[in-house]
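None of these values were measured; they are calculated from a predicted model. In each ligand, atom 1 is the first atom listed, and ligand 1 is the first ligand listed.
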Amino acid sequence: MVKICCIGAGYVGGPTMAVIALKCPSIEVAVVDISISRITAWNSDVLPIYEPGLDDVVKQCRGKNLFFSTDVEKHVFEADIVFVSVNTPTKTQGLGAGKAADLTYWESAARMIADVSKSDKIVVEKSTVPVKTAEAIEKILMHNSKGIKFQILSNPEFLAEGTAIKDLFNPDRVLIGGRETPEGLKAVQALKSVYAHWVPEQRILTTNLWSAELSKLAANAFLAQRISSVNAMSALCEATGANIQQVAYAVGTDSRIGPKFLNASVGFGGSCFQKDILNLVYICECNGLPEVAEYWKQVIKINDYQKSRFVNRVVASMFNTVSNKKIAILGFAFKKDTGDTRETPAIDVCQGLLGDKANLSIYDPQVTEDQIQRDLSMNKFDWDHPIHLQPTSPTTVKKVSVVWDAYEATKDAHGICILTEWDEFKTLDFQKIYENMQKPAFVFDGRNIVDAEKLREIGFIVYSIGKPLDAWLKDMPAVA
Ligand code: NAD
Ligand code: UGA
């Protein structure tokens, strides 16, 4: 029986390994982590992450060929294939701070593999890493090994949160990069045979190591670039009376462009787009390519612009001040169908409104009060460095209340900001909400999910990203 061990039981390690276990009953899969609370949760009825379909997959295999454990060394020792799926945050200090990837977690995992191994192993980079990381990992492993042979493969993950199980069951492609030596090619084939249990062969792409590593950063940069492109257009739509949804549809029907990932929004969030683009920018700078670095930096700048543009629109519309006004925030997660708040645009929007002394009442169906208070008190990039977790700030706590119902959040509010596209927000009783709000009542739709015309008929003043503006908003222009 082949044994797989995955170091890192997070958003990638957990779901990916659960699906491998489900699709490959002949393989024993152990997912290990240094976080006791995470492993305890994986072994309980309440999994540590919310992901549609995940409970079902875990229930089918846990205890049979899928195990979650904190005994990292034992499972690494026993494994034939070791996936490394630890976090690779942005560095907050030292050389490359604010841009470069912090490989501390990765390096300590590699050193541990070298220390405990007594048999040859395939080590798979599952985390997103800077191109050429495999070379550094190889050095750590080779330097420490006692005649043991390691083959390093790059097998980046392309799943998106909220659709992770669907993406893993039916991936557009699986990418495996390896050394172009006989041993390297053999290792690539071994990993390919794992995925071949359920992924059609033509969708399993094999490349050299550096292409696989770089393709992951490139794919995220291209995806984020589409969002920044459509968001940049949304600003121009508002200035000219064009409608971004009509423009995006017209642009996306060109088969060379395609319709996906063209939804204008309050900005992209999530743990990876910003981190990976900053990392790409840093790699370009280190390789003497400042023009290329500048090009990709712009994707982040437009994303920041979109978030501050949204805040300015809210404040400007409400007579240039939200001081002591109650603003309801509907949705805090970075997208629907996840409880993940890492780099969610809601953090920047809420902090912007708090900067103007607003009182916030926040509702998200999947995010806890503790998480929200923590997110609003944290410094940039600290969320991915558990050691830097800060206590919640008492001032933030006072100005922010977290409630478990959209109607409660909007009661007596002056304005509503929709920041996550949860389906349940589309079917709210806006007539009832309007009656319980201060007047004039505002809706700022950062996800273009409400029927703006219907809301205007009720009496709301409505702002939808990239759509023709109400007369009210035209009279109160916002400057980003
Ligand atoms: P995560 O923070 O949810 O999980 C990482 C886990 O690794 C944590 O539970 C942490 O405790 C554990 N860990 C860190 N160092 C360890 C060590 N030395 N030994 C054992 N466990 C250790 O992160 P994630 O979202 O799963 O992302 C992991 C990697 O995958 C990142 O590089 C990310 O860029 C990439 N990625 C993420 C996604 C996503 O949707 N979240 C998608 C594709 C790729
Ligand atoms: C993204 C990629 O889609 C995955 O392929 C990749 O594996 C992953 O990053 C990663 O490397 O972590 P994820 O961040 O989970 O996945 O979610 P996305 O669906 O890409 O959404 C990212 C952000 O963009 C969200 O805030 C979302 O609301 C926003 N978005 C997305 C838009 O604003 N408009 C769109 O049209 C699409």
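- No side-chain donor-acceptor contact under 3.5 Å links R313 to the backbone of S308.
- Near S85, with a cut-off below 4.0 Å to any heavy atom, the atoms of ligand 1 are 5 (C), 28 (C).
- Under 4.0 angstrom from ligand 2, there are no non-hydrogen atoms of N231.
- With hydrogens left out, the protein atom closest to atom 20 (O) of ligand 2 is F261 CZ, 3.1 Å, a heavy atom.
- Comment: K301 does not engage D304 in a salt bridge, judged by the lack of any side-chain N to carboxylate O separation of less than 4.0 angstrom.
- When only non-hydrogen protein atoms are considered, atom 1 (C) of ligand 2 lies nearest to F273 CE2, 3.5 Å.
- Of the N or O atoms in S108, one or more lie within a sub-3.5 Å distance of an N or O in ligand 1.
- Annotation: atom 31 (C) of ligand 2 to nearest protein heavy atom, I227 CD1, 3.5 Å.
- Checking side-chain atoms of S69 against main-chain N and O of D71 turns up a donor-acceptor pair under 3.5 Å.
- When the shell of 6.0 Å around CD of E73 is examined, it contains 12 or fewer heavy atoms from other residues, nucleotides or ligands.
- Remark: K336 fails to qualify as a cation-pi partner of F425 under the 6.0 Å distance and 45° angle criteria applied to the six-membered ring.
- Contacts with ligand 1 closer than 4.0 Å are made by heavy atoms of both the backbone and the side chain of D33.
- The protein heavy atom nearest to atom 19 (O) of ligand 2 is K335 NZ, 2.8 Å.
- Nearest non-hydrogen protein atom to atom 5 (O) of ligand 2 is F158 O, 2.7 Å.
- At a 4.0 Å heavy-atom cut-off, ligand 1 touches S271 through the side chain alone.
- Inclusion of G269 in the set of residues having an N or O under 3.5 Å from an N or O of ligand 2 is warranted.
- Residue contacts with ligand 1, taken as heavy atom pairs separated by less than 4.0 Å, involve R342 solely via side-chain atoms from C-beta onward.
- F261 contributes atom CZ, which lies 12.5 Å from atom OG of S229 (distance to the nearest 0.5 angstrom).
- Checked against a 3.5 angstrom limit, the closest N/O atoms of E161 and ligand 2 fall inside it.
- Here the shortest heavy-atom distance to atom 26 (O) of ligand 1, taken over I49, N279, V12, belongs to V12.
- Below 3.5 Å of separation, one finds an N or O of T88 facing an N or O of ligand 1.
- Closest to atom 36 (O) of ligand 2, if we only count protein heavy atoms, is N263 N, 2.9 Å.
- Salt bridge D115/R111: absent, no basic N to carboxylate O contact under 4.0 Å.
- N279 places no side-chain N or O within 3.5 Å of a backbone atom of T90 that could act as its donor or acceptor partner.
- A donor-acceptor pair under 3.5 Å links the side-chain atoms of W42 to the main chain of A9, judged by distance alone.
- Contacts between T344 and ligand 2, counted as non-hydrogen atom pairs separated by less than 4.0 Å, are absent for every part of the residue.
- Checking only distances, E157 never comes within under 3.5 Å of ligand 1, N or O to N or O.
- Under 4.0 angstrom from ligand 1, there are no non-hydrogen atoms of D340.
- Using a 4.0 Å cut-off between heavy atoms, K275 contacts ligand 1 through its side chain alone, with no backbone atom that close.
- Ligand 2 has no N or O atom lying under 3.5 Å from any N or O atom of A160, backbone or side chain.
- For T128, a nitrogen or oxygen atom sits less than 3.5 Å from a nitrogen or oxygen atom of ligand 1, counting backbone and side chain alike.
- Between S271 and ligand 2, a contact under 3.5 Å exists for no N or O pair.
- Within ligand 2, counting atoms from 1 as listed, the ones closer than 4.0 Å to a heavy atom of C272 are 10 (C), 11 (O), 12 (O).
- Checking only distances, L159 does come within under 3.5 Å of ligand 2, N or O to N or O.
- In the vicinity of L223, heavy-atom distances shorter than 4.0 Å reach the ligand 2 atoms 2 (C), 3 (O).
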side-chain hydrogen bond (donor to acceptor under 3.5 Å, both in side chains) between Y463 and E238, intermediate numbers included: CA-CA 10 Å; Y463 166 69; E238 286 165 32; 2.8 Å; yes
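- Under 4.0 Å from ligand 2, the heavy atoms of R447 that appear belong solely to its side chain.
- Considering backbone and side-chain atoms together, F334 places an N or O closer than 3.5 Å to an N or O of ligand 2.
- Across all their heavy atoms, T206 and K192 have their closest contact at CG2-CD, 4.4 Å.
- Comment: K426 engages D423 in a salt bridge, judged by a side-chain N to carboxylate O separation of less than 4.0 angstrom.
- Considering backbone and side-chain N/O of K216, none are found under 3.5 Å from N/O of ligand 1.
- If you look at K216 next to ligand 2, the close heavy atoms, those under 4.0 Å, all belong to the side chain.
- A donor-acceptor pair under 3.5 Å is formed between the side chain of T368 and the backbone N or O of Q371.
- Between the side chain of K126 and the main chain of G13, no donor-acceptor pair closer than 3.5 Å is present.
- Looking only at heavy atoms of the protein, atom 33 (O) of ligand 2 is closest to S265 OG, 2.6 Å.
- Distance alone, capped at 3.5 Å, is enough to place a donor-acceptor pair between the D364 side chain and the F332 backbone.
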